[in-house]
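One structure below.
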Amino acid sequence: MSQDSEKQGLRIGICGHGTVGGGTFNLLRSKASEIKRRVGMDLEVVHVATRRPSAELKASGVHYSTDVFEVARNPEVDLVVELIGGFEPALELVLYAIENGKHVVTANKALIAVHGNTIFEAARKKGVVVAYESAVAGGIPIIKALREGLAANSIQWLAGIINGTSNFILTEMGERKRDFPEVLKEAQELGYAEADPTFDVEGIDAAHKLTILAANAFGIALEFDRVYTEGISHITTADISYAEELGYRIKHLGITRVTDAGVELRVHPTLISENTLIANVHGVMNAVVVKGDSAGSTLYYGAGAGAEATASSVVADIIDIARTWRESRTQATIPPLAFNKLRNDLRILDISEIESEYYLRIPARDKVGVMAKISQVLTNYGINIEAVIQKEPHGDDAERGIVPVVILTSRTSENTMDVAIGVIEGLDEVGGSIMRIRVEQFDGEDN
Ligand SMILES: NC(=O)c1ccc[n+]([C@@H]2O[C@H](COP(=O)([O-])OP(=O)(O)OC[C@H]3O[C@@H](n4cnc5c(N)ncnc54)[C@H](O)[C@@H]3O)[C@@H](O)[C@H]2O)c1
Ligand SMILES: N[C@@H](CCO)C(=O)O
Ligand code: NA
């Protein structure tokens with residue numbers, strides 16, 4: 001970085017001018033004087049590159065182009081903001097920016113979860129910062145909470161609603177009985193969804209975020225491939241109603257926990273008691289509960305997606321870098337993860353090794369004795385029935401003589417439940433596959 005740049009403040013290049021890129025551009029410009037008062041220098045956007053520059057960008061007076069690599073090699077740029085998303089060319093772009101001595105801020109959780117180890121190593125060698133607060137839970141400063149606020153704690157577990165699109169869909173299906181495809185379309189229009197929305201509804205985006213959270217909570221490597229990943233696309237409005245009758249809500253959760261056996265790393269729809277705080281997080285809002293040994297449980301809540309909220313976190317990262325950059329003049333010094341040294345003694349557990357309570361929706365044939373048969377199988381596997389609801393058949397089910405039997409079970413291992421479900425599905429009294437949703441108890445968010 002030249003002497004010139006010190007006088008001018010930190011010069012920013014933005015790659016991608018879509019939902020988050022546009023929000024970041026606008027926020028940096030509308031808040032320029034407030035930011036200067038905070039940081040003591042100008043944070044000036046000097047270059048924006050995006051595939052199709054908008055009329056607004058063209059009219060802004062800021063230099064623009066369509067080639068994002070121009071930003072990464074521009075000698076006038078000190079910090080590159082990567083907001084194009086995806087892997088290619090985002091990985092190449094970020095590595096190129098680092099190679100050219102630029103600090104990098106990105107909202108790209110897929111990129112960090114899958115290629116973070118490579119990117120952080122390249123940044124370390126070059127002495128530049130890679131920051132990604134906006135990649136996890138949008139506007140919630142959860143990375144900073146784990147890295148700074150909770151730095152004195154051994155984290156025991158964390159759990160959260162970390163995909164805004166899924167939470168928005170589940171909320172609308174539950175509260176307004178709207179259909180899945182219609183609500184997904186709205187989430188896309190509102191700028192919440194990923195470019196490929198299967199990342200949202202099949203849990204992949206939440207798995208990316210959980211990978212990043214677990215690395216920062218426990219100091220383990222980024223291990224996206226080890227996350228058990230299940231989305232919300234198979235959840236029906238009937239499941240949401242049955243759960244409600246039982247006093248539960250269905251939320252898509254990311255859960256990671258250290259046990260004596262290893263680390264749980266899983267994202268899936270989950271029944272949680274309606275009395276818990278996170279059961280009452282609706283729409284695009286996200287929430288993460290973190291259990292530390294000193295602080296106890298702390299809860300982080302806020303908008304998980306959208307232009308302004310996400311831009312808030314992007315700009316916060318830029319401000320962090322500007323602050324340390326100014327002090328050290330040549331280098332910024334924020335570590336990429338909350339741990340200087342990673343641990344490799346923790347095994348990631350397979351989903352078959354976890355224990356949980358379960359919600360089962362069993363398509364039973366409308367015959368006498370069906371309930372007795374089902375409960376006998378569960379008893380054989382040491383599983384108790386904690387609650388049951390049996391419904392009148394309706395619609396297609398009625399025609400086929402199918403009655404949904406909904407059961408909440410006692411705690412058992414996933415392995416045992418797999419076997420028990422297989423046996424129940426094989427009964428003559430059962431006419432299809434069983435819907436299984438894990439149930440988690442967050443006693444006052446503090447268990
Ligand atoms: N939308 C959100 O609420 C949100 C929240 C947190 C994180 N993110 C992440 O932020 C990133 C951007 O998401 P978005 O919602 O702003 O997407 P978007 O599709 O709205 O914007 C992407 C922009 O990048 C441009 N672009 C893409 N590839 C390009 C290329 N090769 N060359 C030049 N321009 C290119 C596109 O034209 C578009 O303007 C993604 O990594 C996403 O996961 C999004
Ligand atoms: N598609 C993501 C954007 C925020 O990371 C979501 O819905 O949560
Ligand atoms: Na965040």
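Read the numbers this way: they start at 1 and go in the same order the structure lists the ligands and their atoms. Here, residue 1 is the first one in the sequence, and each next residue gets the next number. FYI, side chains are in, hydrogens and waters are out, and symmetry mates aren't considered; it's all heavy atoms of this structure.
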Problem - Shortest protein contact, atom 41 (O) of ligand 1 (heavy atom only) - result: G85 CA, 3.2 Å
Problem - Carboxylate-amine/guanidinium contact E182 R178, below 4.0 Å - result: yes
Problem - Pair E230 + R266, salt bridge at N-O below 4.0 Å - result: no
Exercise for the section: Ignoring angles and geometry beyond distance, decide whether R52 reaches within less than 3.5 Å of ligand 1 through its nitrogen or oxygen atoms. Expected result: no
Exercise for the section: Ignoring hydrogens, tell whether any protein atom lies closer than 4.0 Å to atom 21 (O) of ligand 1; use the non-hydrogen atoms only. Expected result: yes
Problem - A305 N/O under 3.5 Å from ligand 1 N/O - result: no
Handout entry: Close approach of D67 to ligand 1, heavy atoms, under 4.0 angstrom
Key = no
Completion exercise
Quick note on ligand 1: atoms under 4.0 Å from a heavy atom of T66 include exactly 33 (C)
Completion exercise
Protein neighbours of ligand 2 with a heavy atom under 4.0 Å, given by chain and number, are K109, N163, G164, T165, Y192, A193, E194, D200, D205, K209, G304, A305
Practice task
Output yes when the distance from some N or O of ligand 1 to some N or O of G18 is under 3.5 Å, and no in every other case.
Solution key: yes
Handout entry: Polar side chain donor-acceptor pair, Q156 to D293, under 3.5 angstrom
Key = no
Problem - Nitrogen or oxygen of G21 less than 3.5 angstrom from that of ligand 1 - result: no
Completion exercise
for atom 36 (C) of ligand 1, nearest protein heavy atom and its distance come out as T50 OG1, 4.1 Å
Practice task
Could you check atom 28 (N) of ligand 1 against the protein and tell me its nearest heavy-atom contact, residue, atom and distance included?
Solution key: R51 NH2, 3.3 Å
Problem - atom 43 (O) of ligand 1 within contact range, any protein heavy atom under 4.0 Å - result: yes
Handout entry: Protein contact to atom 12 (C) of ligand 1 [nearest heavy atom, distance to 0.1 Å]
Key = L83 O, 3.4 Å
Problem - Side-chain heavy-atom pair I354, S413 within 4.5 angstrom cut-off - result: no
Handout entry: Short side-chain donor-acceptor distance under 3.5 Å, N280 and R249
Key = yes
Exercise for the section: Could you tell me whether K36 and E44 make a salt bridge, using a distance below 4.0 angstrom between a side-chain N and a carboxylate O? Expected result: no
Exercise for the section: May I ask which of V68, V284, V71, D200 has a heavy atom nearer to atom 32 (N) of ligand 1 than the others do? Expected result: V68
Handout entry: Contact check, P89 vs ligand 1, heavy-atom distance below 4.0 Å
Key = yes
Problem - Ion pair check, K177 and E172, cut-off under 4.0 Å - result: no
Practice task
Could you grab the angle centred on the Na ion (ligand 3), going from OE2 in E133 to O in V136, to 10°?
Solution key: 120°
Handout entry: Sub-3.5 Å N/O-N/O distance, S134 and ligand 1
Key = no
Exercise for the section: Check each heavy atom of H17 against ligand 1 and say whether those closer than 4.0 Å belong to the side chain, the backbone, both or neither. Expected result: backbone
Handout entry: Of the listed options T106, V20, N108, T19, closest to atom 13 (O) of ligand 1 (non-hydrogen atoms)
Key = V20
Exercise for the section: Look at R361 together with D239 and state whether they make a salt bridge at an N to O cut-off of under 4.0 Å. Expected result: yes
Practice task
Return yes or no for this condition: an N or O of G191 is under 3.5 Å from an N or O of ligand 1.
Solution key: yes
Handout entry: Ion pair check, R124 and E121, cut-off under 4.0 Å
Key = yes
Handout entry: Cationic N near anionic O, under 4.0 Å, E440 to K251
Key = no
